[in-house]
Engineer: 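Dropping a structure here in structure tokens format, bear with me for questions.
Worth knowing before you read on, the calculation uses all heavy atoms, side chains too, and leaves out hydrogens, waters and symmetry mates.
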Amino acid sequence: MRIRIVDAFTDRPFAGNPAGVLLLDDAFPANDWLQNVAMEVNHAETAFTHRLPTGGEADWALRWFTPVAEVAMCGHATLATAHVLHTTGAHEGPVRFATRSGVLIATPAGDGSITLDFPTAPLTPVEVPQGVAGALGAEPLAAFDTGANVGDLLVELADEKTVLGLAPDHKALGTYSTRGVIATARAEDPSLGYDFVSRCFFPNVGIDEDPVTGSAHTALAPHWSARLGRDDLTGLQASRRTGLVRTGLRGDRTLLTGRAVTVIEGDLHA
């Protein structure tokens, strides 16, 4: 079958977050095969999707695997999958994905961008866990639980410079949440085209630092919309590859908008 590597939340190759994408002919194969493919691809996520019968609540079934585990929700691999469906002609117009996080909708725009409709993460303020400052390398101003779908500890730091300079103990960060830690701060200069910055560390699913994380922005959007007083924002995920995510808070749903580029296409023989 055909396998593609797609860079998501970017308009150029070798930036954003790479994801493997496989369009399956039929139902999902055995879990161990899916996990082995994801391990072989060795990107933050590999997405597997197959068409569903017409007339249902969704058009395609979708699952996501890191090199070591299946995850409940992934934004960049959903964007990458929608990009492949549209650029190959496998699907036209909005596509509804049946996932472990419910039905997620991806809508293409005329400018080449794609908007994802995801559940907004429920943010619960928590005490900053003892030891997290040492593991992260900076003292958080506040901390939040992001709920079951995201599974991270969200911490707000003093400023953008602090976020950019983090050199955390990844193994130690794994003790504070199901997946990992999102570190964020307000943008120093919004005239540069973004309102907040973030970095995401997910040691519990085999990803020390994720390049650009759509699911994290379902928590970042309500956090920063409340602080900045606007529902529509742009986040810069300041990994080495970097990427921009436009967010639109719509109550219990968050819109995530970005672009994607297919970088590699080939045949999977296993």
Engineer: Taking only Lys NZ, Arg NE, NH1 and NH2, and the carboxylate oxygens of Asp or Glu, determine whether Asp208 and Lys171 approach each other closer than 4.0 Å.
Structural biologist: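 Salt bridge absent between Asp208 and Lys171.
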Engineer: Only counting residues at least two apart or in another chain, list the ones meeting ring-ring contact (aromatic ring centres under 6.0 Å, His included) with Phe65.
Structural biologist: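 With sequence neighbours excluded, Phe65 shows a ring-ring contact (aromatic ring centres under 6.0 Å, His included) to Phe48, given in chain and number order.
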Engineer: Just by distance, do the side chain of Thr66 and the backbone of Glu45 share a donor-acceptor pair under 3.5 Å?
Structural biologist: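 Absent.
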Engineer: Say whether, by atom type as modelled, one donor and one acceptor occur between the side chain of Thr146 and the main chain of Asp152 under 3.5 angstrom.
Structural biologist: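 Side chain of Thr146 to backbone of Asp152, a donor-acceptor pair under 3.5 Å: yes, one is there.
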Engineer: Could you tell me if the side chain of Thr46 sits less than 4.5 Å from the side chain of Pro67, heavy atoms only?
Structural biologist: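 Pro67 vs Thr46: side chains apart.
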Engineer: Rounded to the nearest 0.5 Å, how far apart are CG of Leu220 and CG of Leu249?
Structural biologist: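 Reported value, rounded in 0.5 Å steps: 12.0 Å.
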Engineer: Between Thr184 and Val155, is any pair of side-chain heavy atoms under 4.5 Å apart?
Structural biologist: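 No, their side chains stay 4.5 Å or more apart.
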Engineer: Roughly how far apart are Leu79 CG and Cys74 SG, rounded to 0.5 Å?
Structural biologist: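 Between Leu79 CG and Cys74 SG, I get 9.5 Å after rounding to 0.5 Å.
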Engineer: Would you please name every residue forming a ring-ring contact (aromatic ring centres under 6.0 Å, His included) with His223, sequence neighbours left out?
Structural biologist: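 Testing His223 for ring-ring contact (aromatic ring centres under 6.0 Å, His included), a comparison that skips the adjacent residues, returns Phe144.
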Engineer: I'd like to know if the side chain of Ser215 reaches the main chain of Val150, judged simply by a donor and an acceptor atom lying under 3.5 Å from each other, with no hydrogens or angles considered.
Structural biologist: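 Side chain of Ser215 to backbone of Val150: no pair is present.
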Engineer: Is there a side-chain contact between Leu85 and Phe97 (heavy atoms, below 4.5 Å)?
Structural biologist: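 Yes, at least one pair of side-chain atoms sits under 4.5 Å.
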Engineer: First locate atom OG1 of Thr213, then atom CD1 of Ile207, and finally report the distance between them rounded to the nearest 0.5 Å.
Structural biologist: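 These two atoms lie 7.5 Å from each other.
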Engineer: Contact between Val261 and Arg12 at the side-chain level, heavy atoms closer than 4.5 Å - yes or no?
Structural biologist: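 In short, these two side chains do not touch, never coming nearer than 4.5 Å.
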Engineer: Between Thr81 and Trp64, does any side-chain donor sit less than 3.5 Å from a side-chain acceptor?
Structural biologist: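 Their side chains do not contain a donor-acceptor pair, so the 3.5 Å distance test is not met.
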Engineer: Same cluster for Leu141 and Leu136 if Ile/Leu/Val/Met/Phe/Trp/Tyr side chains link at under 4.5 Å?
Structural biologist: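 Different clusters: Leu141 never reaches Leu136 through Ile, Leu, Val, Met, Phe, Trp or Tyr contacts under 4.5 Å.
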Engineer: Can you check whether His217 reaches Trp224 side chain to side chain, under 4.5 Å on heavy atoms?
Structural biologist: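 Side chain of His217 against side chain of Trp224, heavy atoms only: no contact under 4.5 Å found.
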Engineer: Under a 3.5 Å cutoff, is there a donor and acceptor pairing between the side chains of Thr107 and Thr115?
Structural biologist: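 No.
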Engineer: Regarding His83 and Thr262, do their side chains bring together a donor and an acceptor under 3.5 Å, going by distance alone?
Structural biologist: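 Yes, because at least one side-chain N or O of His83 sits under 3.5 Å from a partner of the opposite role on Thr262.
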Engineer: State plainly whether one hydrophobic cluster holds both Phe201 and Leu236, where clusters connect Ile, Leu, Val, Met, Phe, Trp and Tyr through side-chain heavy atoms under 4.5 angstrom apart.
Structural biologist: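 Yes.
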Engineer: Sorted by first residue and then second, give each salt bridge (Lys or Arg N to Asp or Glu O under 4.0 Å) pair with at least one member in residues 260-270; sequence neighbours left out.
Structural biologist: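 Checked against salt bridge (Lys or Arg N to Asp or Glu O under 4.0 Å) - neighbours excluded - the pairs reaching residues 260-270 are Arg2-Glu265, Arg2-Asp267, Arg4-Glu265.
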Engineer: Measuring from atom CG of Leu255 to atom OG1 of Thr247, what distance do you get when rounded to the nearest 0.5 angstrom?
Structural biologist: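 These two atoms lie 9.0 Å from each other.
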Engineer: By the side chain to side chain donor-acceptor pair (under 3.5 Å) test, which pairs, at least two apart or in different chains, include something from residues 125-143?
Structural biologist: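 Checked against side chain to side chain donor-acceptor pair (under 3.5 Å) - neighbours excluded - no pair reaches residues 125-143.
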Engineer: Taking the side chain as every heavy atom from C-beta outward, state whether Leu116 and Ile114 have any pair of such atoms under 4.5 Å apart.
Structural biologist: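 A side-chain contact under 4.5 Å exists here.
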Engineer: Arg241: what forms a side chain to side chain donor-acceptor pair (under 3.5 Å) with it, not counting sequence neighbours?
Structural biologist: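 If we apply the side chain to side chain donor-acceptor pair (under 3.5 Å) test to Arg241, skipping adjacent residues, the hits are Asp7.
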Engineer: Just by distance, do the side chain of Asn204 and the backbone of Gly180 share a donor-acceptor pair under 3.5 Å?
Structural biologist: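 Not confirmed, Asn204 side chain does not pair with Gly180 backbone.
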Engineer: Donor-acceptor pairs under 3.5 Å, side chain of residues 160-168 to any protein atom, not counting sequence neighbours: which ones?
Structural biologist:
residue, atom, partner, partner atom, Å
Glu160, OE1, Glu188, N, 2.7
Glu160, OE2, Tyr194, OH, 2.8
Thr162, OG1, Asp159, OD1, 2.6

